[in-house]
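We count ligands from 1, going down the list as the structure has it; atoms in each ligand are counted the same way. Model, not experiment: these values are computed from the prediction.
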Amino acid sequence: MSSRFVVTGLAGQKKLRGTISVAGAKNAALKGLAASVLFDGPVQYHNLPAIEDVARMQELLRAVGAGTATVSGSMDPALAGKLRASVVLTGPLLARTGRVSFPLPGGDVIGDRPIDLFLSGYQAMGATVQESGGVYTVTAAQLKGAHITFPFISVTATEALMMAATLAKGTTVLTNAAMEPEVVHLAQWLCANGASIAGAGTPTITIVGGTLLQPVVPYTTPPDRIEAGSFILLAAMLGDDVTVANCNPSELGALFALLERAGVKLEVAGSSVRVRGGGPYTSVSARTHEYPGFATDLQALYAVFLTQCQGEATILETIFDGRFRYADELLRMGADITVMNPHKILVRGPRPLVARDLESPDIRAGLAYIFAAAAASGTSTIGNAYMVDRGYEHIEERLQALGLDIKREEV
Ligand code: EPU
């Protein structure tokens, strides 16, 4: 049985009002959970988001015996195949057990997502890698510290190697490391429990390896900056007066810079961002970039926002191939989008959108379809709700509270 969302649009009228609170960050929580393998004993977690990817990671961890004395390095291929973040678990499992086996990780269909940086990083730390029938086996009785320079930036490879290095012998230096807030949060929490990690949040991270960590300070998931940015875009497009509460506005600088140039009025107070309906807004071009640049996970939602702005603007996707698949569906809804090449689209606005029956291809595009349906006239359905549930908890209830006509239906 699967479910779908049914959304009756506001037909271009602004009327969402109220407060929406941001949940714990998916891409932080998944790594915090994977790190449990580095501990001598069970770890406590707070503010985990109630999303499907977290449930899958918990299943994976239970299956390898995390939190017990007999952790196994064999990851269940069927479980690991379901989420990209399973690859992040290979680092701590290898460091803890000396041998990890796993299939190519699954997850979103957003172009090729290779794992070469993980494998070459483990090899630099003294591990051997074998592949047979699509299953990788990485072995190292004792990982050794190494100097690893990433040829380009990868969030999960930075996190996996940082965690592996925590239990390695000697010092590891990661250069050209990801600077995402989730990396910093993970490093700070590991350090609070005995790890030695310096430089997280800069391009060079230095880790001095040691013994298993003691679970002293519980893990508290920080607010999800992608969810916060998504709700701010929705509020700018369709809100009268919406407050996005419980977020870290300091992590949203690049989005704010774009929105302010578009003419959106944002009032930041502590951990809240108040967005008052305004407009008309001017189209502003964006390019995705690693943090602190504009997040690739926001670009599908930004494209929907651009369909309602005046003028034309481009979005340049620099992180992933194949992340514009949503454009065809927005075209069917009446958007004026030209796919210039696999990395660039041109959006002309404003255009009235009309309801359509849609299927979520991935987490972020799924939410983008909900937002497009909310702007459109008529009633849309968004199938494959599981994709949205992977990343956003109880989305329909939270959007209903802002006045959106959205419900979930079993099909
Ligand atoms: N890449 C390689 N080889 C590797 C690793 C990455 O070529 O070994 C490439 C990727 O194919 C991509 C680029 O490097 O072109 C950057 O990918 P990165 O590894 O940074 O992405 P990721 O770690 O797989 C995480 C988030 C994504 C988010 C990206 C970029 C998690 C679990 N996922 O992915 O989140 O888009 O960083 O910020 O943390 C999402 O939440 O919907 C999502 C896709």
- Task: Kindly confirm or rule out an N or O of E159 lying under 3.5 angstrom from an N or O of ligand 1.
- Result: no
- Among residues two or more places apart or on two chains, list those pairs meeting side chain to side chain donor-acceptor pair (under 3.5 Å) that have a residue in residues 152-181. K31-E159
- Summary of side chain to side chain donor-acceptor pair (under 3.5 Å) pairs that have at least one residue in residues 395-411, sequence neighbours excluded: S3-R408, R4-E409, E227-R398, D389-R408, E396-R408
- Item | Polar contact flag, side-chain donor to acceptor under 3.5 angstrom, T381-D357 | yes
- Query: Any ion pair linking R62 and E59 (charged N to carboxylate O, less than 4.0 Å)?
  - Reply: no
- Task: Return yes or no for this condition: an N or O of I319 is under 3.5 Å from an N or O of ligand 1.
- Result: yes
- Query: Within a radius of less than 6.0 Å around CZ of R287, do more than 12 heavy atoms belonging to other residues, nucleotides or ligands occur?
  - Reply: no
- Does T243 reach the main-chain N or O of A245 with its side chain, forming a donor-acceptor pair under 3.5 Å? no
- Task: Any atoms of ligand 1 less than 4.0 Å from a non-hydrogen atom of R364? List them with their elements.
- Result: 40 (C), 41 (O), 42 (O)
- Message: Would F320 count as being in polar contact with ligand 1, using the rule that some N or O on each side must be under 3.5 angstrom apart?
- Response: no
- Given that the side chain starts at C-beta and the backbone is N, CA, C, O, which of these parts of T296 lies under 4.0 Å from ligand 1, counting heavy atoms, or is it both or neither? side chain
- Query: How about H343: does its NE2 atom have over 12 heavy atoms from other parts shown lying under 6.0 Å from it?
  - Reply: yes
- Item | For ligand 1, the portion of V88 having any non-hydrogen atom under 4.0 Å away | neither
- Indicate whether any N or O donor in one side chain lies under 3.5 Å from an N or O acceptor in the other, for T296 and E317. yes
- Would you call A157 a ligand 1 contact, heavy-atom distance under 4.0 Å? no
- For K26, the atoms of ligand 1 under 4.0 Å from one of its heavy atoms are 40 (C), 41 (O)
- Message: Please classify the Y291 to ligand 1 contact at 4.0 Å (heavy-atom distances, strictly less than): side chain, backbone, both or neither.
- Response: neither
- Query: If you measure from each heavy atom of K31 to ligand 1, is any distance below 4.0 Å?
  - Reply: yes
- Query: At the 4.0 Å heavy-atom cut-off, does R323 count as touching ligand 1?
  - Reply: yes
- Query: Within the structure, does V155 bring an N/O atom to less than 3.5 angstrom of an N/O atom in ligand 1?
  - Reply: yes
- ligand 1 versus E290: contacting region, heavy-atom distance under 4.0 Å: neither
